[in-house]
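This report refers to the structure that appears directly beneath it.
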Amino acid sequence: MQLTKLEIKGFKSFGDKVVINFDEGITGIVGPNGCGKSNVVDAIRWVLGEQKTKALRSDKMENVIFNGAKNRKPTQLAEVSLTFSNTKNLLPTEYSEVTITRKYYRTGESEYLLNGITCRLKDINNLFLDTGIGSDSYAIIELKMVDDILNDKDNSRRGLFEEAAGISKFKIRKKETLKRLEDTDKDLERVEDLLFEINKNLKSLEKQAKQTETYFKLKEEYKSLSARLARKLIGRNRTSLLDINSKIEAESDKKLNLTKLIAEKDALLEKEKTTLLGKEKLLASRQKALNEHINKIRQYESEHKIKNERLRYLNDKTANLQSQIDQDKKSNERAEFSIQSLQNELTSAEKIFAETELRIGSLKAEYEEQKIKTSALQQQSGQINTQFKARQDEYYKLTKALEIKQIQLSTLKQELDKATSDSSAHSANLSDFEAKLDYLEGQLEDRQGELEKLKSLEDELQKKIYSTEHLLERIKDEKTQVHRKLDARQNEYNLTKSLVDNLEGFPEAIKFLKKNSSWGKDAPLLSDIITCDERYRIPIENFLEPYMNYYVVENEAHAFEAVNLLTDASKGKANFFVLDNFEKFTGTPAKIYDQVIAATEIIEFDPKYTKLAQYILDNVYLVLGGKENI
């Protein structure tokens, strides 16, 4: 017996059907980590009847079904088949090739097949008993099982030897036999309980048997009595049947006499029918002529009705086209109004931008001047610093010379005490030295005063430079903000203009009429001619929503021209408001209520659309809530 083929489909990582042929020369399956080698071993263990999910490295049995990937849906079935060659008849079956199959559905159902025939797991276990092949046999050894055998964990080494020696099948049979004996003992105990129950219920059953005997006796008596009753009823019914037959014969004689009378009457009726047929033919000819006249009259009436319906349809179509024209005009005017407002905002933003640029230019010029002055002052301060350092060096030299002179003076004084003869000459030298020292001290004080003035001037210039730089940074920030606002307004303007130019959100008919200027380019939509305060915009737009895309035209000719264009191009339909039709309309006077305002008082429009606005918003009021909320 040799394993020849393994077929896997929908099991764990094998979404597609995989066939592994174990031909001669194949000793193992190799591959990188994660390629599915362990899943092959799990598939073999699973098809041999493994029921423990931990042995299959999963939490539940449903996880053995292919769970899908990014580009693939999960399968609903896991199927594994093992094929063995049974040329040596090691398996107790007449087949030379044995294939066992296990299927598991996502619904939880499972089935086993042996050569394509449904069987039990017990049949497969009995087939492979004493062959060393099974879900828990040592023909399938994992890495962990090797450690268990070496460490003899749970007598695993003994189980391996028993299986190799062929003892395991006898142990299994012994276990099954002992289980059957236990079941037999339990059944015997149950038999004693049943005997006790039967003896307990025997008396009641005897009573029921006696009642059954009496029932059958009464049933027999009932049958005999019912047969007697049936005989008596049949005798009575037979006499009544004879009487009824005699009555039927008498009635049949009467029927024959009546049929003779009916035949005579039928002959007279036939004569009358022949005369009537002639009259009916004459009547039919006259009726035919009358029907022809009636048909002509009905034809004329139907043609009249068709023409009336055609006229009504044309009138309705004219009204719809006029309303669509009015709506288109108003939407166009509203778009133009929005474009104009955006253009005004753009011009104001451009003015602000120009003023900001002029201000930035002037500030740049001032900054350059201050920079030049600062550089000049820095050069002066550098020169003064160099002069100060030179004077300081001179001062140090003079102080050193002064100290030397003082030392000399002290020595001279000592010598003066010793030598009075040289006093006059030494006193003259001393007075010259003191005069020179006084001159140098005065010059040093002047230089220090100039140095203090230069330091204060330098501090003032540093403050001016700091303030100028701070002002310049603030102007740069303002400039960037203005540029951002300008870009946002420009983008908003470009977006609105593109939406208006492309008529985004409008029906196909309105886009077609807007692009085709031959019928009336200046015709606005209703949304273009009516504006209002932002507080009332939402309720007004909600009320006028059905009419916002209506074109507003001067007369019916423009509307018909637009309708003809749409009909020729098959671009749908459009609605129109014809201003000439509203000239005679007079609206109802506005009523005054608390917290209520008439809609005609809050909208703005061109004076020539006054009648149209009064017609649309006649008797329309807005109720105001708290804080001017609608």
Side-chain angles (χ1 to χ4, degrees), residues 298-340 496-531 540-585 603 605-618:
R298 287 178 179 173
Q299 187 175 2
Y300 291 140
E301 286 179 353
S302 63
E303 289 178 356
H304 181 66
K305 287 181 180 179
I306 289 168
K307 288 179 180 179
N308 286 334
E309 289 294 329
R310 177 70 176 170
L311 181 61
R312 190 183 301 164
Y313 171 73
L314 291 173
N315 289 331
D316 293 337
K317 192 174 182 181
T318 304
N320 292 330
L321 291 173
Q322 286 176 355
S323 61
Q324 187 67 34
I325 289 166
D326 296 338
Q327 188 176 0
D328 292 343
K329 280 185 178 179
K330 289 174 183 177
S331 65
N332 193 10
E333 286 186 0
R334 185 173 66 182
E336 288 177 356
F337 179 76
S338 61
I339 290 169
Q340 188 176 0
T496 308
K497 188 176 180 184
S498 65
L499 290 174
V500 172
D501 292 340
N502 297 325
L503 296 173
E504 292 292 335
F506 287 90
E508 189 69 25
I510 293 174
K511 292 182 181 179
F512 177 75
L513 292 176
K514 282 289 184 183
K515 293 176 182 177
N516 196 334
S517 60
S518 60
W519 71 280
K521 189 176 181 180
D522 298 331
L525 295 172
L526 179 64
S527 58
D528 299 330
I529 66 173
I530 291 178
T531 59
I540 292 295
E541 285 185 355
N542 289 334
F543 178 76
L544 295 177
E545 185 179 1
Y547 313 108
M548 295 297 270
N549 292 333
Y550 279 39
Y551 273 106
V552 181
V553 296
E554 298 289 338
N555 49 41
E556 292 183 356
H558 288 167
F560 281 120
E561 191 174 354
V563 170
N564 291 329
L565 284 172
L566 291 172
T567 305
D568 295 338
S570 298
K571 292 293 183 180
K573 67 176 184 178
N575 300 316
F576 301 89
F577 283 125
V578 181
L579 294 177
D580 292 344
N581 294 340
F582 302 103
E583 290 296 331
K584 297 180 181 179
F585 176 76
I603 63 170
F605 48 84
D606 195 88
K608 70 176 182 178
Y609 303 117
T610 303
K611 294 289 185 180
L612 175 61
Q614 290 176 353
Y615 174 77
I616 296 172
L617 298 172
D618 191 29

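Everything quoted here is computed from the prediction, not taken from an experiment.
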Working note: N581 + E556, criterion side-chain contact (heavy atoms from CB on, under 4.5 Å); need CA distance, chi angles, decisive distance, verdict. CA-CA 9 Å; N581 294 340; E556 292 183 356; 3.9 Å; yes

Identify, with sequence neighbours excluded, every residue that meets salt bridge (charged side-chain N to carboxylate O under 4.0 Å, His left out) alongside K608. E554

Just verifying a value: how many Å separate I616 CD1 and I530 CD1, rounded to the nearest 0.5 Å? 5.5 Å

For F582, does its backbone N or O pair with a side-chain atom of K611 as donor and acceptor, under 3.5 Å? no

Neighbour count above 12 (heavy atom, 6.0 Å) for Y615 OH: no

Quick one, F605 with T610, criterion side-chain contact (heavy atoms from CB on, under 4.5 Å). Give me CA distance, side-chain angles, the key distance, then yes/no. CA-CA 7 Å; F605 48 84; T610 303; 3.6 Å; yes

Tell me if a side-chain donor or acceptor on N555 pairs with a main-chain N or O of H558 at a distance below 3.5 Å. yes

Which residues share a side chain to side chain donor-acceptor pair (under 3.5 Å) with Y609, sequence neighbours left out: E333

For the CZ atom on F560, are there more than 12 heavy atoms of other groups (residues, nucleotides or ligands in this structure) within a distance under 6.0 Å? yes

Point-to-point distance, once rounded to the nearest 0.5 Å, from CD1 of I540 to CE of M548: 9.5 Å

So do the side chains of L617 and F543 get within less than 4.5 Å of each other, counting heavy atoms only? yes

Residues forming a side chain to side chain donor-acceptor pair (under 3.5 Å) with D580, sequence neighbours excluded: none

